Amino acid sequence: KAVPEAISGMNKFEPFEIKAYLRNACSPFEIIDSSVIISSDSSFTNTFIFNNAPSGKYYIVCKTINCIETCSRAGGDSLYKRYTENHYDFSTSITQAFGNNLTLTDSLYCLFSGDVDQDGAIDVNDLIDVYNSSVMFNQGNSPCDLNRDGITDLNDILVAANNTINFVSARFPYQSSKKDSNQIS
């Protein structure tokens, strides 16, 4: 379970794509498997299938269109061979993410929203993108529409501004790059 901050508590749920990667919990932390789904459950409970991962200890990394890429808790977790159901819930505690990199919203710990350029930081570039999108009254599916209500507006600007002011950025036990996350799809 992984909940994007900007859509937590929204009355209208819109499905969204979410990717999950399994990385070895030991150096060099290589990506072992990945899974992509469309989250269509308003409770944010999703099923990812990892066909290539043997039993072992892994970091689970979640990535979605406008959220900070988020890694599971320090040390990783044991996952068992395929056809076995494993559960991981980022929303229950701030410690579920590496470096406590979650925010409390509507009684759930959530992935930070606002990284529209997916560079690992919610910064002034993201805020400017969201602001410009709102000034142009952009509607429809856009990374700048943080709460996925169909229009980029003041609500989206406020989320991006709060996270920009707080210098929110990705935290990992390893060096991460855009290339790493796009390695397996």
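Computation of the quantities below employed the complete heavy-atom set of this structure, encompassing side-chain atoms and omitting hydrogens, waters and symmetry-equivalent molecules. Note that the structure is predicted; figures quoted are calculated from it, not measured.
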Can a donor-acceptor pair be found, under 3.5 Å and without considering hydrogens, that links the side chain of Asp129 to the backbone of Val116? no

Spell out, as yes or no, whether a donor-acceptor pair under 3.5 Å connects the side chain of Asn166 to the backbone of Val168. no

Taking Asn138 for the side chain and Ser134 for the main chain, is one N or O donor matched with an acceptor at less than 3.5 Å? no

Taking ring pair (Phe, Tyr, Trp, His ring centres under 6.0 Å) as the definition, give me every residue that meets it alongside Phe48, ordered by chain and number, with sequence neighbours left out. none

May I ask you to check whether Asn46 and Ser39 show a side-chain donor-acceptor distance below 3.5 Å? yes

Just by modelled atom types, is the Ala6 backbone N or O under 3.5 Å from a matching donor or acceptor in the Ser113 side chain? yes

Which of parallel (below 30°), tilted (30 to 60°) and perpendicular (above 60°) describes Phe44 and Phe16? tilted

Establish, from distance only, whether the side-chain atoms of Glu5 and Asn163 form a donor-acceptor pair under 3.5 Å. yes

Distance-only, no hydrogens or angles: does the Asn52 side chain make a donor-acceptor pair with backbone N or O of Asp33 under 3.5 Å? no

Looking only at heavy atoms, the pair that brings Phe90 and Ile60 closest together is CZ-O, 3.8 Å

State whether the side chain of Thr70 and the backbone N or O of Leu111 hold a donor-acceptor pair below 3.5 Å, judged by distance alone. no

Looking just at side-chain N and O atoms, do Thr152 and Ser133 make a donor-acceptor pair shorter than 3.5 Å? yes

Where Asp89 and Gln96 come nearest, the two heavy atoms and their spacing: O-NE2, 2.8 Å

Under 3.5 Å donor-acceptor, Asn132 side chain and Met136 backbone: no

Side chains of Tyr58 and Arg23: donor-acceptor distance under 3.5 Å anywhere? no

If we ignore hydrogens and angles and just use 3.5 Å, is the side chain of Asp145 paired with the main-chain N or O of Asn141 as donor and acceptor? no

Are there more than 12 heavy atoms of other residues, nucleotides or ligands under 6.0 Å from atom CG of Leu104? yes

Would a distance-only check, ignoring hydrogens and angles, find a side-chain to backbone donor-acceptor pair under 3.5 Å from Asp153 to Asn155? yes

Tightest non-hydrogen contact, residues Cys67 and Gln118, listed as O-NE2, 3.2 Å

Could you tell me whether a side-chain N or O of Ser93 sits under 3.5 Å from a main-chain N or O of Thr95, the two making a donor and an acceptor? yes

About how many Å separate CG of Asp119 and CG of Asn125, when rounded to the nearest 0.5 Å? 7.0 Å

